[in-house]
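Since the structure is predicted, the reported quantities are computational estimates derived from the model, not experimental observations.
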Amino acid sequence: IFATFLQSLFEYFPISSSFHISLFFHFFSFLDFDFFFSFIKLIQFSSVLPLIYFLRKYLYIFFVSSLYIIIFFKKKNSFFFFNFFFFYFFFSTLPTLIIGFFLRSYFKSFFIFKYNFFFFLFNFFILLFLSFFKNKIKKAKLSIFVYVCCFSIFSLFSGISRFGFTVFLFSLFKIKKKLAIIFSLINSIIISFFVFIDFLCFNFHFFIDYFFYFFMSFLFSCIILKKIINFILNMNFFFFFIYSFFLIFFLFFFFFILP
């Protein structure tokens, strides 16, 4: 239950929920690794599921805009900054999904604390960039969308926050922070959905046996999101930069110096 709470809480922050889960696993190493890895896949999708409700306004705009484009073959400019195809955004996640599917055993091998720690260091520098870098706002283009979603493959490594890394990539292309955050959250919904479908195909019995924890993760996420959705959409990354700094300092001292 504590692991479901950790996943539900850190999934929406740019500090990698998988890193915190692997840290939890490291301290409770008596747990079976395959079981724990399957358990994380189970609760990951349920933790992002409530986003569909809380981002319904933006998802509605995406879907309606897409249908308009498909039916009338032209853009509907009244949809303010959403002037591109939703289905392009959807298909631009395919590189991450395909590579994640065929190399899932490879990425699974990195779900170990000593690897996660160094990936989390990389995530720390991403937060450093997001905390202090200021740029001029630029209009979102389809090409930027595709580049960002292709490079987000690197967020498959446990320790690198998919949310934070995607916002970082959008920021490199000078996209408004709030817009980048919304895109990143929607990206999480799409990727988590297909990861969960892949999980069900091979572990349906596991889903049935541990559905209680799936539901608990969903419930925790609903409660947490209701309280912090506005904080997420207007996030100040400096707080998470400071948090990461102290966590890295503590872990480095505890695991690498103290022994």
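The line from CD1 of I223 to OG of S8 is 9.5 Å long, rounded to the nearest 0.5 Å. The line from CG of L128 to CZ of F238 is 9.5 Å long, rounded to the nearest 0.5 Å. Here OG of S244 is found 11.0 Å from CZ of F125. Values are rounded to the nearest 0.5 Å. Going from atom CZ of F240 over to atom CD1 of I126 covers 14.5 Å, rounded to the nearest 0.5 Å. To the nearest 0.5 angstrom, I21 atom CD1 is 9.5 Å from E11 atom CD. S188 contributes atom OG, which lies 10.0 Å from atom CG of L55 (distance to the nearest 0.5 angstrom).
The aromatic rings of Y243 and H20 sit parallel to each other, their planes meeting at less than 30°, with 60° as the upper class boundary. Between F250 and F254, the ring planes are parallel. Angles under 30° get that label, and only those over 60° would be called perpendicular. Under the 30°/60° scheme for interplanar angles, the aromatic rings of F120 and F19 are found to lie parallel.
Under the 4.5 Å side-chain heavy-atom criterion for grouping Ile, Leu, Val, Met, Phe, Trp and Tyr, I242 is not connected to F249 through any hydrophobic cluster. The hydrophobic cluster containing F202 does not contain F196, counting ILVMFWY residues as joined when their side-chain heavy atoms lie under 4.5 angstrom apart, directly or transitively. Linking ILVMFWY side-chain heavy atoms closer than 4.5 Å, directly or via other members, places I248 and F246 in a single hydrophobic cluster.
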Chi angles and distances behind the ring-ring contact (aromatic ring centres under 6.0 Å, His included) call for F45, F199: CA-CA 10 Å; F45 178 63; F199 169 79; over 10 Å; no

Verdict with reasoning, F13 to F163, per side-chain contact (heavy atoms from CB on, under 4.5 Å): CA-CA 7 Å; F13 296 144; F163 172 51; 5.7 Å; no

CA sep, side-chain torsions, deciding dist, call: R162, S17, side-chain contact (heavy atoms from CB on, under 4.5 Å): CA-CA 9 Å; R162 180 170 58 239; S17 60; over 6 Å; no

ring-ring contact (aromatic ring centres under 6.0 Å, His included) evaluation trace for Y210 with F214: CA-CA 7 Å; Y210 294 94; F214 179 89; over 10 Å; no

Worked verdict on L200 versus F206 for side-chain contact (heavy atoms from CB on, under 4.5 Å): CA-CA 8 Å; L200 281 183; F206 190 94; over 6 Å; no

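Around the OH atom of Y213, the shell of radius 6.0 Å holds no more than 12 heavy atoms that belong to other residues, nucleotides or ligands. Under a cut-off of 6.0 angstrom, the local environment of OH in Y53 is sparse, with at most 12 non-hydrogen atoms contributed by other residues, nucleotides or ligands.
Looking only at side-chain heavy atoms (C-beta outward), L251 and L23 come within less than 4.5 Å of each other. Here the side chains of F165 and F122 are in contact, with some heavy-atom distance below 4.5 Å. Considering only heavy atoms from C-beta on, I15 stays 4.5 Å or farther from S161 through its side chain. Two residues are said to be in side-chain contact when any heavy atoms from C-beta on lie closer than 4.5 Å; F117 and F252 meet this criterion. Contact check for N203 versus L42: no side-chain heavy atoms found under the 4.5 Å cut-off. By the 4.5 Å heavy-atom criterion applied to side chains, S221 and V48 are not counted as neighbours. When side chains are defined from C-beta on, N123 does not count as touching F119, because their heavy atoms never get closer than 4.5 Å. Using a 4.5 Å cut-off on side-chain heavy atoms (C-beta onward), P14 and F237 make contact.
Of all heavy-atom pairs between L130 and V167, the closest is CD2-CG1, 4.0 Å. Taking all atoms of both residues into account, the shortest heavy-atom contact from I160 to S16 is N-OG, 3.9 Å.
Remark: side-chain polar atoms of S217 are not paired, donor with acceptor, to backbone N or O of S46 under 3.5 angstrom.
By the side-chain contact (heavy atoms from CB on, under 4.5 Å) test, F5 is found to be paired with L9, F220, I224, residues two or more places apart in sequence or in another chain being considered. Taking the side-chain contact (heavy atoms from CB on, under 4.5 Å) definition, one finds that F245 meets it with F124, sequence neighbours left out.
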